[in-house]
Amino acid sequence: MRLFLFAAFASLTADIAIAGEDTVLAAIGDPTRLDEHTARDDNRKPEAVLRFAGVKAGDSVADLAAGSGYYTALLSRVVGEDGEVYAVDPVRIFESFPNARDTFPNYAKNDPRNNVSYSVQKFDQLTFAAPLDAVVMGLYYHDTVWTGVDRAAMNKAIFDALKPGGLYLVFDHLAPEGAGDSVTEEHHRMVPGLVKPELEAAGFEFTGESDALAHPDDPRDISVFDETIRGRTDRFVFLFRKPF
């Protein structure tokens, strides 16, 4: 059973927890957020996800596979003017879907943020301008499989980019345990049991998981774009930490 494992955050101080709560609520409630983003809040549960991620004011955060900018926009508001968000899109997706290259720039025109920088990179050769407090990869880990990313190199690059104690949040559409790699392209899903050992091999410690994005009615054996479950897929939410 997937549970909230908030005990994993016992080492966080009370003042950080309170500050995180305030900035998360302020970010979600900001009236300048785009309507296309706020319309997704009911399904994406940003309050629960951002609290679980532990991102706070002043942090430097990478949003990997930024896409429409949904999490970039929220993260930029959470970290505030003293923080930084590095939004990164993947070269290999743009090779397969050239029109997707305009998605983030179009968002940025409508919601410009001074603390956001944007780049397009190969995910197995990621670099950042400064050490990171946190990394978020949402609904994309499965794509690193079918696009042929060297995931060992990718996770090592993320590990090296994080400060000691830095957090790595990974959430994705659930595939049935035991499903083969074909589901990553055919159904755009990921077997969660494959993610943990890959990140632990890179040096990360598994901190816990959240059921914030659970949808038990999802059969998990159909495409995430199937209209019967689109936007309501069952998703795992894992948090990892770079050891101090």
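These figures come from a predicted structure and were not determined experimentally. When a residue number appears, it is its place in the shown sequence, counting from 1.
Checking each of R220, H173, H215 against D234 for a side-chain hydrogen bond (donor to acceptor under 3.5 Å, both in side chains) leaves exactly one that passes, namely R220.
Inter-residue side-chain proximity for R232 and D218 is flagged as unmet; no heavy-atom pair is nearer than 4.5 Å. For the pair P243/F159, a side-chain contact is recorded, criterion being any heavy-atom separation below 4.5 Å from C-beta on. Put simply, the side chain of R40 reaches to within 4.5 Å of the side chain of S68, judged on heavy atoms. The shortest distance between side-chain heavy atoms of Y86 and V61 does not fall below 4.5 Å. Contact annotation: the side chain of V79 approaches that of V55 to within less than 4.5 Å [non-hydrogen atoms, C-beta and beyond]. Put simply, the side chain of R101 reaches to within 4.5 Å of the side chain of V120, judged on heavy atoms. Residues D133 and L167 have side chains not in contact (no heavy-atom distance under 4.5 Å, counting atoms from C-beta outward). In this structure, L194 and Y141 have side chains that are not in contact, with every pair of non-hydrogen atoms separated by 4.5 Å or more.
To the nearest 0.5 Å, atoms CG (D124) and CG (D150) are separated by 5.5 Å. Distance OG1/T144 to CE/M154: 4.5 Å, rounded to 0.5 Å. Interatomic distance, NZ of K196 versus CZ of F236, reported as 9.5 Å (0.5 Å rounding). Put simply, CG on D160 and CG on L132 are 11.0 Å apart, with the number rounded to the nearest 0.5 Å. Taking CD of E200 as the start and CD of E205 as the end, the distance is 9.5 Å to the nearest 0.5 Å. With rounding to the nearest 0.5 angstrom, the OG atom of S223 is 6.0 Å from the NE2 atom of H188.
No more than 12 heavy atoms of other residues, nucleotides or ligands lie within 6.0 Å of CD in E81, so this atom counts as exposed by the packing criterion. The neighbour count for D102 CG, taken as heavy atoms of other residues, nucleotides or ligands under 6.0 Å away, is above 12. For N106, the CG atom is densely surrounded, since the number of other residues' heavy atoms within 6.0 Å is greater than 12. Shown here is K163, whose NZ atom has more than 12 heavy atoms of other residues, nucleotides or ligands within 6.0 Å. Applying the 6.0 Å contact sphere to NZ of K122 captures no more than 12 heavy atoms from other residues, nucleotides or ligands.
Nearest heavy-atom pair, N155 versus A202, reported as atom, atom and distance to 0.1 Å: CB-CB, 3.7 Å. Contact between A65 and D89 at its shortest, heavy atoms only, is C-OD1, 3.5 Å. Between L169 and A53, the closest heavy-atom pair is CD2-CB, 3.8 Å. Contact between V78 and A27 at its shortest, heavy atoms only, is CG2-CB, 3.6 Å.
Salt bridge present: K56 and D59 bring a charged side-chain N and a carboxylate O closer than 4.0 Å. With respect to E95 and R92, no salt bridge is recorded, no charged nitrogen being found less than 4.0 Å from a carboxylate O.
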Criterion side chain to side chain contact (heavy atoms under 4.5 Å, CB included) on V183 and H142, from CA distance to verdict = CA-CA 9 Å; V183 299; H142 70 274; over 6 Å; no
Stepwise salt bridge (charged side-chain N to carboxylate O under 4.0 Å, His left out) test for D172 and R189 | CA-CA 7 Å; D172 210 339; R189 295 176 179 270; over 6 Å; no
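Under the 4.5 Å side-chain heavy-atom criterion for grouping Ile, Leu, Val, Met, Phe, Trp and Tyr, W146 is not connected to V224 through any hydrophobic cluster. Residues V49 and V135 fall within the same hydrophobic cluster, defined by Ile, Leu, Val, Met, Phe, Trp and Tyr side chains chained together at heavy-atom separations under 4.5 Å. Placement of Y118 and L126 within a single hydrophobic cluster is found when ILVMFWY residues are connected by side-chain heavy-atom separations under 4.5 Å, directly or transitively. In the hydrophobic clustering of ILVMFWY residues, with side-chain heavy atoms under 4.5 Å counting as a link, V191 and V195 come out together. Put simply, V145 and F225 are part of two different groups of oily side chains (I, L, V, M, F, W, Y) that touch within less than 4.5 Å, one to the next.
Counting only distance, with no hydrogens or angles, the side chain of Q121 and the backbone of T127 share a donor-acceptor pair below 3.5 Å. Between the E177 side chain and the G193 main chain, a donor and an acceptor come within less than 3.5 Å of each other. S210 contributes a side-chain N or O that, together with a main-chain N or O of A212, makes up a donor-acceptor pair within less than 3.5 Å. Between the side chain of D30 and the backbone N or O of A26, no donor-acceptor pair lies under 3.5 Å. The backbone N or O of A87 sits nowhere less than 3.5 Å from a side-chain atom of D63 that would complete a donor-acceptor pair.
Relative ring orientation between F104 and Y107 is described as perpendicular, the plane-to-plane angle rising above 60° on a 0-90° scale split at 30° and 60°. Ring geometry, F238 versus F240: the interplanar angle exceeds 60°, so the pair is classed perpendicular (tilted spans 30 to 60°). Aromatic ring pairs are classed by plane angle as parallel below 30°, tilted from 30° to 60° and perpendicular above 60°; the pair F204 and Y168 is tilted.
Between the side chains of T32 and R77, at least one donor N or O lies within less than 3.5 Å of an accepting N or O. Using modelled atom types, one finds a donor on one side chain and an acceptor on the other under 3.5 Å when comparing Y70 with D41. No side-chain donor-acceptor contact under 3.5 Å links R113 and T72.
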